[in-house]
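Data block below; observations after.
Below, read A as the first sequence line, B as the second, and so on, with proteins coming before strands; counting in each chain starts at 1. Because the structure is predicted, anything quoted here is derived from the model rather than measured.
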Number of protein chains: 2
Amino acid sequence: MEFQIDQILKKNKLSLTEGRKKVLELFLKADYALVHAEIEKALYNIIDRVTVYRTLQSFLKKGLIHLIPTTDNSIKYAFTNQDVRHQQFQENHVHFFCSNCNKTFCLDNVTFPPIKLPDGFKEQFQELIITGTCDNCK
Amino acid sequence: MEFQIDQILKKNKLSLTEGRKKVLELFLKADYALVHAEIEKALYNIIDRVTVYRTLQSFLKKGLIHLIPTTDNSIKYAFTNQDVRHQQFQENHVHFFCSNCNKTFCLDNVTFPPIKLPDGFKEQFQELIITGTCDNCK
DNA sequence: GTAACTGCAAAATATTTGCATCCTT
DNA sequence: AAGGATGCAAATATTTTGCAGTTAC
């Protein structure tokens, strides 16, 4: 995995610092979206809270991770699947929020048809958020 | 409108206090979702910041307003259309986020077909967030 | 009259910024 | 060597809590 991590950072023109490697490792190991607090906690006394904020910003800017809409005043970040990156990322995207374990998953393989909008509204992209119970919690 | 405000509060078993009337009035006048900061600002030196927090909580609990997922670490509250309340509220719901004016609208009349999920995932409800430019900003 | 609501103060959290130092390239 | 990244401290911003006083019914 270390090799993969370095590759991803290089490909995105991000310098290979310890903090970035650690944060990226967390995203690769998790199959669900992360919030700042989880990352901060996981890397407690390894990298600083502020560095986590800045690392997330730089990952976001590169498109390495993306934001997932939430209703709970948190920001959820999900690793952007490198394969779908140029295909679906800017288009329709499906996320699943498990109301039991509170985890959010990207459903990269699920698609949905575009929806017709009222006059005057012009769409850029659509994202679907499905709430329910996930595979682990069923 | 005053009559309407009182009616809505009564119907929802909420006492008719000045603060609640003012907050509800804002929701009725706006055709888009509000965030705490907007409400606080609009009612500056009329009702306290803390009361706004508590009023939003009580409206939420009654279903008078509902949450809209956002990616920007804010909580957006939209007035729940009384007509669709028992029909669509717990089911599929469509919101439109205008990337120009940053306002979010409920599209009560737009519907979409349910999406098939991978095995193990069980859905409760789905909500679609469409980003683009709204009627006012076109 | 009583329970619920409100305002104020303060505590607790969360996020951002500045700056000196360290690390990657 | 140089620019960018980091840690620490501190400034801001946001949200929650406690409590005494007030209001709705």
Side-chain angles (χ1 to χ4, degrees), chain A residues 2-27 33-62 64-65 67-77 102, chain B residues 2-27 33-62 64-65 67-77 102:
Chain A
E2 270 185 64
F3 177 71
Q4 189 191 0
I5 288 171
D6 289 2
Q7 284 301 91
I8 293 173
L9 290 175
K10 279 180 190 165
K11 185 161 50 171
N12 286 278
K13 302 197 199 317
L14 288 165
S15 54
L16 308 187
T17 66
E18 210 46 37
R20 286 173 176 173
K21 289 183 191 176
K22 294 285 188 195
V23 174
L24 180 50
E25 185 180 6
L26 289 180
F27 276 106
L34 302 175
V35 298
H36 177 276
E38 275 175 273
I39 299 169
E40 178 182 335
K41 194 178 168 193
L43 301 179
Y44 179 70
N45 76 26
I46 299 180
I47 65 173
D48 191 73
R49 180 170 61 251
V50 175
T51 302
V52 174
Y53 279 110
R54 296 194 268 226
T55 301
L56 290 171
Q57 286 307 313
S58 61
F59 282 9
L60 258 188
K61 197 185 295 183
K62 298 293 186 179
L64 204 53
I65 57 179
L67 300 171
I68 299 177
T70 63
T71 55
D72 67 345
N73 209 14
S74 70
I75 304 186
K76 287 203 172 185
Y77 304 87
N102 272 26
Chain B
E2 270 185 64
F3 177 72
Q4 188 191 0
I5 289 171
D6 290 2
Q7 284 300 91
I8 294 173
L9 289 175
K10 278 180 191 163
K11 185 162 52 173
N12 286 279
K13 303 198 200 316
L14 288 165
S15 54
L16 307 187
T17 66
E18 209 46 37
R20 286 173 177 174
K21 289 183 191 176
K22 294 285 188 193
V23 174
L24 180 50
E25 185 180 5
L26 288 180
F27 277 106
L34 301 175
V35 298
H36 176 277
E38 275 174 274
I39 299 170
E40 178 183 335
K41 192 177 167 193
L43 301 179
Y44 179 69
N45 75 28
I46 298 181
I47 65 174
D48 191 73
R49 180 170 59 253
V50 175
T51 301
V52 174
Y53 279 109
R54 296 194 268 224
T55 301
L56 290 171
Q57 287 307 314
S58 60
F59 283 8
L60 258 189
K61 198 185 292 181
K62 299 293 186 178
L64 205 53
I65 57 178
L67 300 171
I68 300 177
T70 64
T71 55
D72 67 346
N73 208 14
S74 69
I75 304 185
K76 287 202 174 186
Y77 304 88
N102 272 26

- [ ] Please report, rounded to the nearest Å, how far the P atom of C:dT6 is from the CD atom of B:Q57.
- [x] 13 Å

- [ ] Could you state the atom-to-atom distance from CG of B:D48 to P of C:dT6 in whole Å?
- [x] 10 Å

Open item on the list: For a quick check of understanding: with a heavy-atom distance under 4.0 Å over all strands, which category does B:I75 fall into, base, sugar-phosphate or nothing?
Closed with: nothing

- [ ] Rounded to the nearest angstrom, tell me the gap between atom CD in B:E18 and atom C1' in C:dC5.
- [x] 13 Å

- [ ] Between C:dT15, C:dG7, C:dT17, spot the one nearest the side chain of A:Y53, thanks.
- [x] C:dT15

Task: Integer-rounded Å distance: C:dG7 P and B:L43 CG - done: 10 Å

Task: Nearest non-hydrogen partners of B:A33 and B:E38, listed with the distance - done: O-OE1, 4.0 Å

TODO: Provide, to the nearest angstrom, the distance between the CG atom belonging to B:L16 and the P atom belonging to C:dT6.
DONE: 11 Å

Task: Gap between atoms CG and P, on A:L9 and C:dC23 respectively (whole Å) - done: 18 Å

TODO: Using a 4.5 Å cut-off on heavy atoms from C-beta on, say whether the side chain of A:E2 contacts that of A:K21.
DONE: no

Task: Nearest-nucleotide 5' precedence on DNA chain C, A:N73 against B:T55 - done: B:T55

Open item on the list: Let me confirm one number: the CG-CG distance from B:N102 to B:D72, rounded to the nearest 0.5 Å.
Closed with: 7.5 Å

Task: Residue-phosphate contact under 4.0 Å: B:R49 side-chain N/O, C:dG7 OP1/OP2 - done: no

- [ ] Considering only heavy atoms of chain A and a distance under 4.0 Å, specify the first and last nucleotide of DNA chain D in 5' to 3' order that meet this criterion.
- [x] D:dA5 to D:dT15

Task: Residue among A:N73, A:T71, A:T70 satisfying side-chain contact (heavy atoms from CB on, under 4.5 Å) with B:I75 - done: A:N73

- [ ] Give the minimum heavy-atom separation between B:L26 and B:A42, together with the two atoms involved.
- [x] CD1-CB, 3.9 Å

Open item on the list: Using a 4.0 Å heavy-atom cut-off, does B:L56 contact any base of the nucleic acid, only the sugar-phosphate backbone, or nothing at all?
Closed with: nothing

Open item on the list: If you assign each of B:R54 and B:K10 to its closest nucleotide in DNA chain D, which residue comes earlier from the 5' end?
Closed with: B:R54

Task: Atom pair CG/OH of B:L67 and B:Y77 - distance to nearest 0.5 Å - done: 6.5 Å

TODO: Check the distance between C:dT15's P and A:I39's CD1 and give it to me in whole angstrom.
DONE: 12 Å

Open item on the list: Has A:D48 got a side-chain atom pairing as donor or acceptor with A:V50's backbone, closer than 3.5 angstrom?
Closed with: yes

